[in-house]
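Whatever order the structure lists them in is the order used to number ligands and atoms, beginning at 1. Note that the coordinates shown come from a computational prediction; the quantities given were computed from them, not determined experimentally.
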Amino acid sequence: MAQVLPAERDLRRVIGDGDTVPDGEVDGLADHDLVELYRGLVLLRTYDERSVVYHRQGRIGTYAIYWNHEAMQAGSVYALSDDDWIFPSYRESAIGLLRGLPASTVLSWWRGHPAGWWNPADYNVASICVPIATHVPHAAGLAWGKRLRGEPTVAIAYFGDGATSEGAFHEGANIAAVVRAPLVLLCNNNQWAISTPLSAQTAAARLSDKAVGYGMPGIRVDGHDVLAVYEAVREGVERARAGEGPTFVEAVTYRSAPHATADDPSLYIDPDRVAAEQERDCVAVYEAYLTRLDLLDDQRAQAVREEALATMREAITAAEEEPPAGPELVFSHAYGDPPPSLERDLEDLRRVHA
Ligand SMILES: Cc1ncc(C[n+]2csc(CCOP(=O)(O)OP(=O)(O)O)c2C)c(N)n1
Ligand SMILES: [Mg+2]
C-alpha cells in the first residue's frame, strides 16, 4: 500500500542572496560537480539565446523559448544516471545536449528536417513531445516496464503547469503511483499556458498539492535554484530506485519570454512583472553563488561561454549543410501497404518539387 505523504508547501531553496539569506549546500556535490552544473546551465542558455537569433535570421522555424528554465533542466538531469530515461516536452527541446545529443540534431528538429530525429535508445532521451502531457503515460509505462524487468532505471517526464489539467497527465500520474513506477514527474510551473494564467488553469493553491491525490509525495522547489532542483530530483530518484514509486516535483518559475517565437505576449502579460522576473536570472544566481565559493571568476565564466558559443556555431553550420530531404519521405513511413495510386502521386510530387 502506498504511503500518502503530505505535499510540501514551502519553496525549497539552497542558494542564498549573497546578503541576508545565507547559502546552503547539497551533500555529496564536490567542487567539480558544481562547475559541471554550471557548464550545463551555460550550454542550455547559449542554445536558447542563439536559437532566438537563428529564428530571426530565418535559419530555424518557430522555436519554444526556455529562457530562465535552464536551472530545472540542468539540475534535474544531473540527479539522474545515464541509464535513466528523459521524456522532454517542447520546452526542454535541447535537454538531450546534457546527454551528448548533438546540438545540430536539435536545430534540425526545429528546422523540420529529418536529421532532427534521433534514436531515443541511443541517449535514453525520448522524442520531443509537442502534444501536451501525452508523454506522461509513455514515461510511466517505460518506468513500469523497466521495474517489471528488474532493471534499476528511472524515468523523468517534464511538462508544464497547463499540462496538469490534461487527462493524459492524470492517467500517467495515477497509474505510475498505483504500480509504483520509478518515475519523477517534473512540472515546470512557469505560471502560463500560452496566454492562460495559472489562476485560470486550476483552483489548486499549489500544484504540488495535486501529488497527495495520487498518493505520491510532492516537492515544491525554486525553479531558479539549480541546486535545490538537483536535491529535490535526487530524492525522487532515490525513492524511485528503492521501489517506492513516483514523486511529483513542482519547479516554480515565471515565463519571462514569449511562449514561442510566434507569440506576442504584450497582448496579455504585465511587462513590469516580466522585467522584475528577469532580474532573477537562474544562470546569474548560480554564477554569484560559485563566485562566493571562489569556484568561478569572469575569466573562467567567459571561457565556458565561449565553448558553448563555439558548439552552437558548429551546430548551425552542420544543420544547414544537411541536404534537403526528398518529398517522398513524407509518405515512406505512412503506409504498411501503400495504395496503388501512391507511386503516381509521388511522381506528380517530384515534378512539382523539382
Ligand atoms: C493536447 C494539446 N492541446 C493543446 C495544445 C496547444 N498548446 C501548445 S502549448 C500549450 C500550453 C501548455 O502550457 P504548459 O503546460 O503550462 O507548458 P508551457 O508551454 O508553459 O511550458 C497548449 C495548450 C497542444 N500542444 N496539445
Ligand atoms: Mg506553463
Side-chain angles (χ1 to χ4, degrees), residues 11 44-45 47-48 51-52 55 61-77 86-96 106 109-110 112 125-140 156-173 184-211 214 218 220-224 229 233 248-270 273-274 277-278 280 282:
L11 271 191
L44 291 177
R45 170 62 55 90
Y47 182 95
D48 186 70
S51 290
V52 174
H55 170 76
T62 302
Y63 170 69
I65 304 152
Y66 58 76
W67 196 89
N68 224 6
H69 300 345
E70 297 88 347
M72 69 179 82
Q73 299 182 29
S76 56
V77 170
I86 295 172
F87 287 77
S89 83
Y90 53 83
R91 193 69 71 203
E92 297 80 28
S93 63
I95 201 164
V106 188
W109 192 88
W110 288 108
V125 178
S127 307
I128 299 164
C129 189
V130 177
I132 306 301
T134 56
H135 58 316
V136 177
H138 302 165
I156 184 167
Y158 296 83
F159 51 89
D161 43 301
T164 65
S165 302
E166 285 282 349
F169 163 76
H170 164 72
E171 288 153 16
V184 176
L185 294 164
L186 200 142
C187 179
N188 168 0
N189 179 5
N190 65 8
Q191 307 189 46
W192 291 95
I194 313 185
S195 55
T196 304
L198 185 66
S199 56
Q201 186 73 242
T202 178
R206 285 160 292 267
L207 295 176
S208 58
D209 289 345
K210 296 193 179 206
Y214 295 108
R220 210 160 177 259
V221 67
D222 179 355
H224 302 135
V229 173
V233 173
F248 182 93
V249 178
E250 176 190 359
V252 181
T253 175
Y254 191 83
R255 202 198 74 212
S256 49
H259 168 75
T261 47
D263 177 36
D264 176 7
S266 69
L267 296 170
Y268 60 84
I269 215 165
D270 170 11
R273 172 82 194 267
V274 170
E277 292 287 345
Q278 283 172 343
R280 263 201 97 230
C282 67

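For the residues Glu166, His69, Glu92, the heavy atom positioned nearest atom 3 (N) of ligand 1 is part of Glu166. Of the candidates Trp192, Phe159, Tyr158, Tyr90, Tyr90 brings a heavy atom nearest to atom 9 (S) of ligand 1. Across the listed options Ile194, Asp263, Thr164, Ile194 owns the non-hydrogen atom lying nearest to atom 7 (N) of ligand 1.
Remark: the backbone N or O of Thr253 is paired with a side-chain donor or acceptor of Gln191 at under 3.5 angstrom. Asn190 places no side-chain N or O within 3.5 Å of a backbone atom of His259 that could act as its donor or acceptor partner. Judged by distance alone, the side chain of Asp161 and the main-chain N or O of Cys187 form no donor-acceptor pair under 3.5 Å. Judged by distance alone, with hydrogens and angles left aside, the side-chain atoms of Gln73 form no donor-acceptor pair with the main-chain N or O of Glu70 at under 3.5 Å.
Close placement of the Phe169 and Phe159 rings is indicated, their centers lying within 6.0 Å of each other.
Residue Asn190 touches ligand 1 through its side chain alone, judged by heavy-atom distances below 4.0 Å. Residue-level proximity to ligand 1 for His259 is carried by the side chain, the only part with a heavy atom below 4.0 angstrom.
The ligand atoms of ligand 1 that sit less than 4.0 angstrom from a heavy atom of Ala163 are 15 (O). Here is the list of ligand 1 atoms found below 4.0 Å of a heavy atom in Arg91: 18 (P), 19 (O), 20 (O), 21 (O). For ligand 1, the atoms closer than 4.0 angstrom to any heavy atom of Val130 are 25 (N). Numbered from 1 in the order shown, with element, the atoms of ligand 1 that lie under 4.0 Å from a heavy atom of Gly162 read 14 (P), 15 (O), 16 (O).
Atom 22 (C) of ligand 1 lies below 4.0 Å from at least one non-hydrogen atom of the protein.
Ser93 and Trp109 are not linked by any side-chain donor-acceptor pair at a separation below 3.5 angstrom, with hydrogens and angles left out of the test. Of the N and O atoms on the side chains of Gln201 and Ser165, at least one donor lies less than 3.5 Å from an acceptor on the other residue. For Thr62 and His55, the side-chain atoms include no donor-acceptor pair closer than 3.5 Å.
With Asp48 as the partner, the side chain to side chain donor-acceptor pair (under 3.5 Å) test is satisfied by one option alone out of Trp67, Tyr66, Tyr63: Tyr63.
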Stepwise side chain to side chain contact (heavy atoms under 4.5 Å, CB included) test for Ile86 and Tyr158: CA-CA 8 Å; Ile86 295 172; Tyr158 296 83; 3.8 Å; yes
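Polar contact check, Ala193 against ligand 1: no nitrogen or oxygen pair lies under 3.5 Å apart. Distances between N or O atoms of Ile132 and those of ligand 1 include at least one value under 3.5 Å.
Under 2.8 Å from the Mg ion (ligand 2) lies an N/O/S atom of Asn190, whether from backbone or side chain. At least one N, O or S atom of Trp192 sits under 2.8 Å from the Mg ion (ligand 2).
Within Asp161, the N/O/S atom positioned nearest the Mg ion (ligand 2) carries the name OD1.
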